[in-house]
S.K.: 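Starting off with a structure, shown below.
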Amino acid sequence: MTKKIVLQKNILSKNDEIAASLRKVFDDHHIRAINIMASPGSGKTSLISHTLNEFKHDYSIAVIDGDIVDLDLKKIQSHQVQTVLANTGGACHLDAVMMNKAVQEIDLQNVDLLIVENVGNLICPANFKLGTHVNVVVSSVPEGDDKPVKYPSMFKGADVVILNKIDYLEIEDFDTQKFSRDVQRINPTMELFFVSCKTGEGLKDWFSWLRQHELKQ
Ligand SMILES: Nc1nc2c(ncn2[C@@H]2O[C@H](COP(=O)(O)OP(=O)(O)OP(=O)(O)O)[C@@H](O)[C@H]2O)c(=O)[nH]1
Ligand SMILES: [Mg+2]
């Protein structure tokens, strides 16, 4: 048991080292990098598509898709931005080694914003830093309002939480006040946005935040 814990610590500290060198690469190239994490199907690719529609004409954007198939990649490629599939080979998260490999396929001279779609999972991605500046967690109404309480590590490490699929609020038994309270308790400095990638509601608040905090220079 102790050996297992030491091995896990070693793996994570090696990962942190590579993530720190990736962060330096991003900073040297004046790139802001965002790691989008969530359960499967909560709306990561949909959020990225809307974000690309909003910003791709004013900024140069690249997307790394952590996945085992290229379905999402093809959707993102339709936006004519640089894209890389970081094939996790079935692993439940991206790590800094996979990220490093994917980053080497990108022409960094021509990127202002790098968006990473992490593997759909609310546990493992929280432990593996990727050198990104901002961690975004997408939660969605059909998943239920208890996700912050059940997966606190994921929410604790987030800078932004986006509650997606608010078009389902009318038919779901989802308590938005409880969700907000729990998110605030776990991480009081977190930004919280309520959006629907289907209707577009709330997305402008996310865009404004991104513009002001990450794209202002
Ligand atoms: N009703 C509704 N459906 C949505 C919304 N956002 C996304 N969807 C749908 O939810 C499904 C999953 O959306 P994706 O954007 O592919 O989710 P994802 O998190 O990228 O999924 P994985 O990559 O498979 O983990 C798709 O059928 C979307 O059309 C929303 O706000 N409301
Ligand atoms: Mg996706």
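Whatever order the structure lists them in is the order used to number ligands and atoms, beginning at 1. FYI, the numbering just counts along the sequence from 1. FYI, side chains are in, hydrogens and waters are out, and symmetry mates aren't considered; it's all heavy atoms of this structure.
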S.K.: So if I count the atoms of ligand 1 from 1 in the order they appear, which ones are less than 4.0 Å from some heavy atom of Pro40?
M.R.: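 Atoms satisfying the 4.0 Å criterion: 25 (O).
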
S.K.: Any donor-acceptor pair under 3.5 Å linking the side-chain atoms of Asn187 with those of Thr189?
M.R.: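 On atom types as modelled, these side chains qualify, holding a pair under 3.5 Å.
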
S.K.: Counting backbone and side-chain atoms alike, is an N, O or S atom of Ser46 positioned under 2.8 Å from the Mg ion (ligand 2)?
M.R.: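 So Ser46 does not bind the Mg ion (ligand 2) by this criterion.
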
S.K.: Is it true that Asp182 and Arg185 make a salt bridge, defined as a side-chain N closer than 4.0 Å to a carboxylate O?
M.R.: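 Between Arg185 and Asp182 there is a salt bridge, with a charged N closer than 4.0 Å to a carboxylate O.
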
S.K.: In Å and rounded to the nearest 0.5 Å, what is the CD1 to CG distance from Ile18 to Asp95?
M.R.: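 So the gap between those two atoms works out to 7.5 Å.
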
S.K.: Give me the residue, atom name and distance of the protein heavy atom closest to atom 7 (C) of ligand 1.
M.R.: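 Answer for atom 7 (C) of ligand 1: Ser46 OG, 3.3 Å.
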
S.K.: Looking only at heavy atoms, what is the nearest atom pair of Met190 and Phe155, with distance?
M.R.: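 That would be CE-O, 3.3 Å.
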
S.K.: Go through ligand 1 atom by atom and flag the ones less than 4.0 Å from a non-hydrogen atom of Gly43.
M.R.: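 Counting atoms of ligand 1 from 1, those under 4.0 Å from Gly43 are 13 (O), 14 (P), 15 (O), 17 (O), 18 (P), 19 (O).
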
S.K.: Near Ser196, which atoms of ligand 1 are under 4.0 Å from a heavy atom of that residue?
M.R.: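 What qualifies from ligand 1 is 31 (O).
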
S.K.: Determine, stepwise, if the pair Glu143 / Ser140 fulfils side-chain hydrogen bond (donor to acceptor under 3.5 Å, both in side chains).
M.R.: CA-CA 6 Å; Glu143 292 169 59; Ser140 67; 2.5 Å; yes

S.K.: Quick one: look at Asp72 and ligand 1, take heavy-atom pairs under 4.0 Å, and tell me if it's side chain, backbone, both or neither.
M.R.: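 Looking at Asp72 and ligand 1, just side chain atoms fall under 4.0 Å.
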
S.K.: Do NZ/NE/NH1/NH2 and the carboxylate oxygens of Arg211 and Glu54 come within less than 4.0 Å?
M.R.: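 A salt bridge links Arg211 with Glu54.
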
S.K.: With a 4.0 Å cut-off, strictly under, does atom 26 (C) of ligand 1 pick up any protein heavy atom?
M.R.: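 So atom 26 (C) of ligand 1 lacks protein heavy-atom neighbours under 4.0 Å.
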
S.K.: Nearest 0.5 Å, please: how far is OG1 in Thr83 from CD1 in Ile48?
M.R.: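 Between Ile48 CD1 and Thr83 OG1, I get 11.5 Å after rounding to 0.5 Å.
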
S.K.: Does the protein put any heavy atom within less than 4.0 Å of atom 20 (O) of ligand 1?
M.R.: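 At least one protein heavy atom is under 4.0 Å away.
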
S.K.: I want to confirm something. Looking only at heavy atoms, which of Lys165, His50, Lys44 is nearest to atom 11 (C) of ligand 1?
M.R.: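 Ranked by closest heavy atom to atom 11 (C) of ligand 1, first place is Lys165.
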
S.K.: Nearest non-hydrogen contact with atom 22 (P) of ligand 1 belongs to which option: Gly120, Ser39, Gly41?
M.R.: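 Nearest option to atom 22 (P) of ligand 1, by heavy atoms: Gly41.
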
S.K.: Does Thr199 form a side-chain hydrogen bond (donor to acceptor under 3.5 Å, both in side chains) with Asp167? I'd like the steps, not just the answer.
M.R.: CA-CA 7 Å; Thr199 66; Asp167 52 292; 5.4 Å; no

S.K.: Considering only N, O or S atoms, which atom of Asp72 is nearest to the Mg ion (ligand 2)?
M.R.: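 Closest N, O or S atom of Asp72 to the Mg ion (ligand 2): OD2.
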
S.K.: Taking distance alone, with N or O pairs closer than 3.5 Å, would you say Lys198 contacts ligand 1?
M.R.: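 So ligand 1 has an N or O lying under 3.5 Å from an N or O of Lys198.
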
S.K.: Looking only at protein heavy atoms, which one is nearest to atom 6 (N) of ligand 1, and what is the separation?
M.R.: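 Among all protein heavy atoms, the one nearest atom 6 (N) of ligand 1 is Asn164 ND2, 3.0 Å.
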
S.K.: With a 4.0 Å heavy-atom cut-off (strictly under), which part of Asp167 contacts ligand 1: side chain, backbone, both or neither?
M.R.: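 Side chain only.
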
S.K.: Compute whether any side-chain donor of one residue and acceptor of the other, for Asn164 and Ser42, lie under 3.5 angstrom apart.
M.R.: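 Their side chains do not contain a donor-acceptor pair, so the 3.5 Å distance test is not met.
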
S.K.: About how many Å separate CD of Glu214 and CZ of Phe55, when rounded to the nearest 0.5 Å?
M.R.: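 That separation rounds to 10.5 Å.
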
S.K.: What N/O/S atom of Glu117 gets nearest to the Mg ion (ligand 2)?
M.R.: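 Result: OE2.
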
S.K.: How far does OG1 of Thr176 sit from CG of Leu163, to the nearest 0.5 angstrom?
M.R.: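 Result: 8.0 Å between the selected atoms.
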
S.K.: Any atoms of ligand 1 less than 4.0 Å from a non-hydrogen atom of Cys197? List them with their elements.
M.R.: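 Checking each atom against Cys197, I get 6 (N), 30 (C), 31 (O).
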
S.K.: Non-hydrogen atoms of Ala38 versus ligand 1: any pair closer than 4.0 Å?
M.R.: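 For ligand 1, residue contact (heavy atoms, under 4.0 Å) with Ala38 is absent.
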
